[in-house]
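Report on one structure; see the data block that follows.
Labels below follow one simple rule: chain letters A, B, ... track the order of the sequence lines, proteins then strands, and each chain is numbered from 1. In what follows, every heavy atom counts, from backbone to side chain, and hydrogens, waters and symmetry copies are set aside.
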Amino acid sequence: MSERQLLSGNEAIARGAFEAGVTVACGYPGTPSTEILEAVVRFKDQIYCEWSPNEKVAFEVAVGASLAGARSIVTMKHVGLNVAADPLMTFSYIGAVGGFVACVADDPGMHSSQNEQDTRHFARFAKIPILEPADSQEAKDFLRLGLEISEAHRTPVILRTTTRVSHSRGLVTLGERQAPRVVGFERNPSRYVPIPVWGRKMRVRVEERIGEMAAAAAVSPANRIEWRDRALGIVAPGIAYAYVREAFPEASVLKLGWSWPFPDALIREVAAGVKRLLVVEELEPILEEHIRALGIACDGKNLVPTIGELSPARLLEIRAKVDGVPWTAPVPPAEAADLPARPPVLCPGCPHRGIFHALGKHDVIVTGDIGCYSLGVFAPLNRVDTILCMGGGITVAHGMEKAGEKRRLVGMVGDSTFFHSGITGLLDIVYNCGASVIIVVDNRTTAMTGHQDHPGTGRTLMGEPTVSVSIEEIGRACGVRNVATVYPYDLKQVNEVLKTALASQEPWLIVSRAPCPLHEKKPVGEPRQVRTEACRKCKLCFKLGCPAIEAGADGIPSVNRLLCAGCAMCAQVCPAHAFEPIAKT
Amino acid sequence: MTTEIISVVFAGVGGQGILLASEVTARAAMAAGYDVKTNEVHGMAQRGGSVIAQVRFGTAVPGPLVPPGGARVLASLERIEALRYAEYLAPGGLAVVSTQAVIPVTVSSGQAVYPADAEARLRRVFPRLLLVDAVAEATKLGQARAANLVILGAVAGELPLPAEAWTEAIRACVKPQHLEANLKAFAVGRALAAGGRG
Ligand SMILES: Cc1ncc(C[n+]2csc(CCOP(=O)(O)OP(=O)(O)O)c2C)c(N)n1
């Protein structure tokens with residue numbers, strides 16, 4: 001028997017890339033997609049892989065590889081495809097040479113995302129096929145299928161997972177690696193250059209391709225009808241299939257793995273064979289609207305929620321509605337009704353905390369960004385006023401200033417975010433005579449997504465040493481005259497620099513630099529303890545929002561030794577000097 | 001071998017080692033010849049947030065998520081997190097709960113209160129409750145971080161998986177330098193479950 005391994009959906013995609021002879025893999029981190037490239041790097045002897053500075057760059061690099069004849073993949077989370085939408089839309093016209101699959105991970109339920117967009121819209125928008133695996137085995141199989149479709153129909157393909165596919169593990173049967181394609185770009189401008197005269201011809205091909213692919217989807221092994229009882233038929237793409245099978249074991253099911261171009265022949269067949277048709281799809285009613293457009297009556301979003309992810313519990317509710325029986329949702333016990341919320345928080349010893357603490361002293365607007373420092377929005381820090389998208393921390397500040405906002409504007413981005421899409425915003429501020437104070441919280445890693453390297457870290461995904469690009473030098477090259485570097489654990493220094501910057505009428509770039517202790521896997525300094533007799537119960541230490549500082553019943557803080565990272569910010573904010581290092585014994 | 005699908009839910013606070021506990025369980029089930037599916041929370045919630053991991057095994061497991069009332073065991077590395085996810089536990093199922101309290105920042109900053117009667121609540125909600133001072137047990141072994149394996153040892157007593165499958169799984173998941181302490185922690189948890197109230 002061939003070997004079986006327990007793999008997450010993301011690991012299975014990486015394995016699929018290895019087996020299918022992929023030689024170039026690019027991406028930018030983003031939950032829930034990140035682990036794909038982290039698993040691909042295990043095959044780095046045979047697959048070139050890189051963290052690109054952002055998704056647009058990653059996408060374009062993978063396109064280059066495809067045009068040269070190689071099989072390539074690019075990975076990102078759903079919002080990453082917005083950043084890469086420009087190359088996506090035109091690569092659809094040009095078409096792939098070596099198989100090209102964009103692995104895009106959606107996040108229904110917004111476990112780790114700022115929105116819940118449905119990538120299936122992008123497939124239809126770009127007129128390219130989309131595959132939706134239901135589990136890890138399919139994730140591996142569909143990666144190969146995607147490359148084959150890509151080459152057969154000369155199209156980029158989207159492999160869409162969701163959080164529950166990417167982050168669930170299942171048993172996967174392994175196979176051998178097939179020989180990679182021969183690389184050699186064939187010059188042919190009419191094929192690769194979409195200037196209008198040739199682009200118009202490509203446009204026609206794109207439309208013809210849709211019909212060919214719809215026919216192929218109808219006979220693809222990725223799609224199948226499971227005939228059971230004919231009273232009810234259910235159309236279920238992706239992981240919805242798994243939930244449907246468990247909640248409706250007796251129903252006939254059209255399982256869709258290749259969902260666009262819509263396999264009309266299969267849809268018509270299942271609809272004709274059952275009394276009642278139900279579409280169970282996560283997020284948008286994309287299939288449902290199409291099925292109705294075919295003139296077929298069906299249930300769908302009247303019974304299945306549009307907002308949030310599907311789950312076994314939701315399927316039980318849907319089942320009750322289909323059966324027309326009353327539904328009583330399981331009630332949590334009364335003992336759980338008043339539990340304190342436990343949102344994610346900045347870790348003990350997080351260097352970002354020093355910046356938030358300093359900002360707390362000023363009446364300024366802080367336009368934040370996405371990264372661990374977005375957690376500064378929660379009490380007691382309360383120091384993030386807006387978040388839009390990666391890079392927006394810089395540009396939104398500039399827009400507010402130009403609109404005439406009276407308070408000083410502080411834009412905040414992380415190091416990885418700065419390289420992703422912060423540089424152009426900084427350039428805009430300088431070029432257009434803005435005066436925002438931009439703080440780059442440089443913890444030497446892409447922390448929020450699990451510590452990936454980026455152009456500032458001096459290391460590539462494949463582990464090679466490389467240049468460590470200087471944020472300060474980029475700032476100066478963009479024309480920023482006031483560039484300062486601070487050590488965020490030194491609250492006095494942070495306060496002074498911030499005060500100077502806020503008092504000036506010019507743009508500032510402040511780089512707050514200290515490595516993420518979670519990534520370094522070592523404490524910042526010696527853990528602290530509280531001399532209770534010294535404590536004046538002023539509660540200033542609690543304003544740090546440090547998880548290691550716990551409130552005693554008497555209002556006196558205590559330090560949780562298991563958690564304390566020894567950053568000593570508590571010692572700096574305490575007017576009574578009550579936080580002392582734990583003496584070494 | 002059983003034909004039903006057996007589900008386990010692990011709860012706790014990001015960073016406590018839930019992912020390891022679920023991975024070991026999944027590998028043990030795999031070593032015992034079962035089909036396995038798991039689901040784990042990555043990303044944002046890992047930063048000190050409330051997290052769960054789910055493991056399901058049987059002859060053929062359709063999906064990774066446990067339905068409400070579907071878990072044979074609910075294991076929690078933090079005491080009130082067990083209450084938060086109580087609805088996953090099947091009637092008659094076992095709750096294995098670490099006595100450890102991790103105080104959320106919402107409490108230290110005065111926005112919320114950590115229930116003082118957590119233990120009484122646990123006893124009311126879970127007719128079959130095994131409370132374990134997992135941190136103390138692990139600390140005795142010189143490896144406070146192995147509290148997750150103590151809890152896992154207690155969970156193991158409730159699952160139809162052979163001892164060798166567990167050992168093999170722990171060996172596959174733990175770094176060699178921590179292996180001995182983790183195997184001991186697992187054995188301690190197992191013994192506590194066998195000797196304690198179930
Ligand atoms: C377009 C886009 N790509 C990826 C992500 C996922 N993501 C969220 S935060 C983040 C990076 C954060 O790194 P950094 O800016 O260095 O901040 P840190 O978390 O290290 O504090 C990423 C990649 C996203 N939200 N949007």
Stepwise side chain to side chain contact (heavy atoms under 4.5 Å, CB included) check, B:Glu23 with A:Leu6: CA-CA 9 Å; B:Glu23 182 164 2; A:Leu6 190 63; 5.6 Å; no
Worked check of side chain to side chain contact (heavy atoms under 4.5 Å, CB included) between A:Asp135 and B:Lys37: CA-CA 9 Å; A:Asp135 60 19; B:Lys37 286 206 165 74; 3.8 Å; yes
Evaluation steps, salt bridge (charged side-chain N to carboxylate O under 4.0 Å, His left out), between B:Asp35 and A:Arg4: CA-CA 11 Å; B:Asp35 182 29; A:Arg4 293 208 299 170; 5.4 Å; no
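Counting only distance, with no hydrogens or angles, the side chain of A:Arg342 and the backbone of B:Gly49 share no donor-acceptor pair below 3.5 Å. Judged purely by atom type and a 3.5 angstrom limit, B:Ser109 has no side-chain atom pairing as donor or acceptor with the backbone of A:Pro380. Side-chain atoms of B:Thr106 come within 3.5 Å of backbone atoms of A:Ala341 as a donor-acceptor pair (strictly under, hydrogens ignored).
Contact of B:Val36 with chain A is made through backbone and side chain together, with heavy-atom distances under 4.5 Å. The part of B:Gln111 that comes within reach of chain A is its side chain, from C-beta onward, which places non-hydrogen atoms under 4.5 angstrom from that chain. Looking at B:Val61, neither its backbone nor its side chain comes within 4.5 Å of chain A, counting heavy atoms on both sides.
By the 4.0 Å N-to-carboxylate-O rule, A:Glu246 lies close enough to B:Arg56 to be salt-bridged with it.
Applying the 6.0 Å contact sphere to CZ of A:Arg561 captures no more than 12 heavy atoms from other residues, nucleotides or ligands. For B:Lys184, the NZ atom sits in a loose shell: 12 or fewer heavy atoms of surrounding residues, nucleotides or ligands are nearer than 6.0 Å.
Looking at every heavy atom in both residues, A:Ile549 comes nearest to B:Ser108 through O-OG, 3.4 Å.
Annotation: the span from B:Met30 atom CE to A:Arg169 atom CZ amounts to 11.0 Å, rounded to 0.5 Å. Atom-to-atom distance recorded for B:Leu65:CG and A:Glu309:CD is 6.5 Å, nearest 0.5 angstrom. If you take CD on B:Gln16 and CG on A:Leu562, they are separated by 9.5 Å, rounding to the nearest 0.5 Å. To the nearest 0.5 Å, atom CG of residue B:Asn39 and atom OG1 of residue A:Thr163 are 9.0 Å apart.
Put simply, of A:Arg164, A:Glu550, A:Arg245, the one with the most heavy-atom pairs under 4.5 Å next to chain B is A:Arg164. Here A:Ser168 is the residue among A:Ser311, A:Pro32, A:Ser136, A:Ser168 with the most heavy-atom pairs under 4.5 Å with chain B. Per-residue heavy-atom pair counts under 4.5 Å with chain B were compared for A:Cys546, A:Gly450, A:Pro333, A:Ala334, and the maximum is reached by A:Pro333. Taking chain B as the reference chain and counting heavy-atom pairs below 4.5 Å, the highest number among A:Cys347, A:Pro340, A:Ala447 is found for A:Pro340. Of the listed residues (B:Ala112, B:Pro104, B:Ala118), the one with the most heavy-atom contacts under 4.5 Å to chain A is B:Pro104. Of the listed residues A:Leu346, A:Asp338, A:Leu518, the one with more heavy-atom pairs under 4.5 angstrom with chain B than any other is A:Asp338.
The shortest distance between side-chain heavy atoms of B:Pro64 and A:Ile239 falls below 4.5 Å.
In this structure A:Phe579 satisfies the ring-ring contact (aromatic ring centres under 6.0 Å, His included) test with no other residue, sequence neighbours excluded.
The stretch residues 137-158 of chain B places B:Ala144 near chain A, each with some heavy atom under 4.5 Å from a heavy atom of that chain.
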